[in-house]
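Data first, discussion second: the structure below is written as structure tokens.
One-based numbering, in listed order, for ligands and for the atoms of each.
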Amino acid sequence: MIPMVNLKAQYAEIKDEVERGLAETIENCSFILGPNVQAFEKEAADYLGVKHAIGVGSGTDALHLALIAEGIGAGDEVITTAFTFIATAEAIKYVGATPIFVDIDPRTYNISPEAIEAAITPKTKAIMPVHLFGQPADMTEIVQLCEQYNLKLIEDACQSFGARINDKQSGAIGHAGGYSFFPSKNLGAFGDGGLVVTNSDETAAKIKQLRNHGSDVRYYHDVIGYNSRLDEMQAVILRAKLKRIDQYNKARRHVAHLYSELMADLPLITPYEDGLGEHVYHQYVLLSDRRDDILKALQDKQIGCAIYYPVPLHQQNVFKEECAGLSLPVTEAVSRTCFALPICPFLEDATIRDIVGIIRGVLTA
Ligand SMILES: *Cc1c(COP(=O)(O)O)cnc(C)c1O
């Protein structure tokens, strides 16, 4: 059995460090916003090159709180992609704003800057790009649009921790960025967790209040906030993994490049790197008209595989009515043929060769 992500292999490497940290936390009983959350926030801010990093309950919460802190609310339009996980759009809905879904680039599957510009109206308040599958969106173009039209830029970096764009980090370029530490993400905890980053003191102060019941001083509440703190135990695990994140992402790139090399002669579309930023391969996603046959062959051999994403957001039941009549041809075409293969830092070359062998068998039979 080959899982999509091999979390067990990763754990073996950090076991001692994690067990020590967890035992200490249990001894100290400092369970909420304790020393490890504080240390992790400092370490993450340093790594990401930002002034503030604030640990929150999940990636969804990170995006939600970032939108509130940036003043996005009822009546506002936020331009984003429909080819993403639902949480991107959920966060926009939570604040009462309207997600405006636009089409993607046919090669990278990231949001298209031209499509963004065409969708800007007087109601547009923000752009929320997603660095999909670990490849940074075209931030040069998107930053320029935000400046030109005076829009907030909130990055969904839930799949791209550690993906650089020249000397900057994805997620750390806009007014605020949100990361997810869901266990299967590039930087994953052992439960839910998230992070908001910003260079604005004001935004950081608001997020700190919002994650903790609208309070700076215990039992004094300035706004209606939330209970959304990064858990102390999760921070222990994240600190151990953050030290190794570059190594993990490098290993992911190796896996992806080997897959692509071995499949170069096959009639399918392997991931395209546009070179605008470094792809860290949260997922290895490819396109094939024979997707169903390939997935069946992999499943028969107990090899993990998945479809990200089978139904774009504008066609989901929850958005069907709101988006009636909206057509996103590239998004729709990609969602019909895309599928993902197992990827993680610990996938061995021999396994990659076996997986490619199965796919080759289907396509050359
Ligand atoms: C995982 C993910 C989220 C949400 O993160 P959670 O931590 O699961 O709440 C948001 N956006 C994208 C693109 C994601 O992949």
*Using the benzene-type ring in the case of Trp, are the ring centres of His64 and Tyr226 under 6.0 Å apart?*
yes

*Give a yes or no on whether the ring-centroid distance for Tyr272 and Tyr109 is below 6.0 angstrom.*
no

*For ligand 1, find out whether one of its N or O atoms is nearer than 3.5 Å to an N or O atom of Asp156.*
yes

*Partner of Asn36 by side chain to side chain donor-acceptor pair (under 3.5 Å), out of Glu43, Glu232, Glu24*: Glu232

_Other members of the hydrophobic cluster containing Ile142, with the 4.5 Å side-chain heavy-atom rule, please._
Ile79, Ile100, Val102, Ile111, Ile116, Ile120, Ile127, Met139, Val143, Leu145, Tyr149, Leu151, Leu153, Ile165, Ile173

*asked:* Taking 4.0 Å as the limit for heavy-atom contacts, which would you say applies to Cys158 with ligand 1: side chain only, backbone only, both, or neither?
replied: side chain

*For atom 2 (C) of ligand 1, which candidate among His282, Gln159, His131, Lys185 provides the closest heavy atom?*
Lys185

*Can you sort out which atoms of ligand 1 are near Gly59, meaning under 4.0 Å from one of its heavy atoms?*
5 (O), 6 (P), 7 (O), 9 (O)

*Who gets closest to atom 5 (O) of ligand 1 by heavy atom: Ser180, Gly193, Gly178?*
Ser180

_Polar contact flag, side-chain donor to acceptor under 3.5 angstrom, Asp103-Thr331_ = yes

*Can you tell which of Leu195, Val130, Thr60 gets a heavy atom nearest to atom 4 (C) of ligand 1?*
Thr60

*Cationic N near anionic O, under 4.0 Å, Lys250 to Asp246*: no

*Interfacing atoms of ligand 1 (cut-off 4.0 Å, heavy-atom, Ala87)*: 3 (C), 4 (C), 10 (C)

*Which of the numbered atoms in ligand 1 are below 4.0 angstrom from a heavy atom of Thr84?*
13 (C)

